[in-house]
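Index from 1, following the sequence.
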Amino acid sequence: MVVRVTVGFVFAAERRQLILEMVRANGAVSLRELARVVQTSEVTVRRDVRALEAEGLLDRRHGGAVLPGGFTRESGFPQKAHLATAEKTAIADVAAGLVEEGEAIVVGAGTTTQELARRLARVPGLTVVTNSLLVAQALAHANRVEVVMTGGTLRGSNYALVGSGAEQSLQGLRVSRAFLSGSGLTAERGLSTSNMLSASVDRALVQAAAEVVVLADHTKLGVDTMFQTVPPDLITRLVTDEPPAQEERAAAELQALADQGVQVTVAGTGHGTPPGPGGPESESAPSAGPGAPVRQPRREVPLPGQRGRHPQGGGSGAQLRAAPLSAPGEGQPPGRIADLAPRRH
């Protein structure tokens, strides 16, 4: 539960002190929640968080602020559940559309993969192998989905099964796709996490899959944590959200990942560059249920030439292209998305 304090207008020093108290009380708080509490914009809160980070009082992580600790700390599930919720919803909507009827997949632990699992309940004939109690719970009442749990030791902070028992139960398994999340994603090291046991199980999940789909909101882009789980050359596709205009680091990482041959699919949440001259178009999209984004941004961005595993189209370089989509369970996610796709020379 997030501890909340309601205040009126405050000066910068008072505002930053309130932000610091919120983070100390909760361990992690989203920028959106901080802005609501101190009654100012997310842009102002982001500046405050950066100032506090420069003083070593907190760290910026996952669309919010967390207690300092660098590579060694990891927020628990209660804190992560409140961070980047709109982005996770949009990513899950798109990722669900990648799953086909009758497919066998593995789904790792995390709050984003939990959102994905809630949508997979509508895909008939699906088999889901997971080490996450939250993923299994989301699919428990789906009468057309078979859930296979790994063994292992329960890690209470993220409700996941880890350890040698989990890894051994995955030996000899082969499925079409793995859907994984993590604590950070960079073009240099790929997906990473702050916990050694979680990283080891995620690597076992990767070994069981023909393709690897990473689900990571823009706040994880450019973040490098302690244990590598999936190197960039093993990532088939990244599903993420539209980085805000001021998040240059996230945009640079997207471009670098696309240059390495990763298929990058961007799901719009409405917090990107606003429509208008020089900005992306916004188009109405059908709702995919509670919390699903209503408007999806569309943009055309030239990128350097790509090398990699997924040649498409023609010409040189790469571009972000919009694609019409249908409902989950029909092979397509709802609304409209944009793909960073390579062009064939």
Any side-chain donor paired with an acceptor under 3.5 Å for [X] and [Y]?
X      : Y      : answer
Lys220 : Ser183 : no
Thr193 : Asn195 : no
Glu167 : Ser200 : yes
Thr40  : Arg15  : no

Subject >> Glu253 side, atom CD; Glu188 side, atom CD - distance, nearest 0.5 Å >> reply: 9.0 Å
Original post:
Rounded to the nearest 0.5 Å, what separation is found between the NZ atom of Lys88 and the OG1 atom of Thr111?
Top reply: 3.0 Å
Original post:
Among all residues two or more places apart in sequence or in another chain, which pass the side chain to side chain contact (heavy atoms under 4.5 Å, CB included) test with Ser192?
Top reply: Arg189, Asp224, Thr225
**OP:** Taking all non-hydrogen atoms of both residues into account, name the closest pair between Ala187 and Ala256 and its distance.
**Re:** CB-CB, 3.4 Å
Subject >> Nearest heavy atoms of Ala96 and Leu116, plus distance in Å >> reply: N-CD1, 3.5 Å
Just wondering, do [Y] and [X] contact through their side chains at under 4.5 Å, heavy atoms?
X      : Y      : result
Leu180 : Leu215 : no
Leu221 : Leu254 : yes
Val148 : Val128 : no
Thr113 : Ser132 : no
Leu20  : Arg16  : no

Subject >> Electrostatic pair Asp93-Arg119, nearest N-O below 4.0 angstrom >> reply: yes
Original post:
Salt-bridged, Glu53 to Arg50, with N to O below 4.0 Å?
Top reply: no
Subject >> Verify same cluster id: Leu154, Leu134 (apolar side-chain graph, 4.5 Å) >> reply: yes
Original post:
Pairs in or reaching into residues 193-213: which pass salt bridge (charged side-chain N to carboxylate O under 4.0 Å, His left out), with residues at least two apart or in two chains?
Top reply: Arg177-Glu211
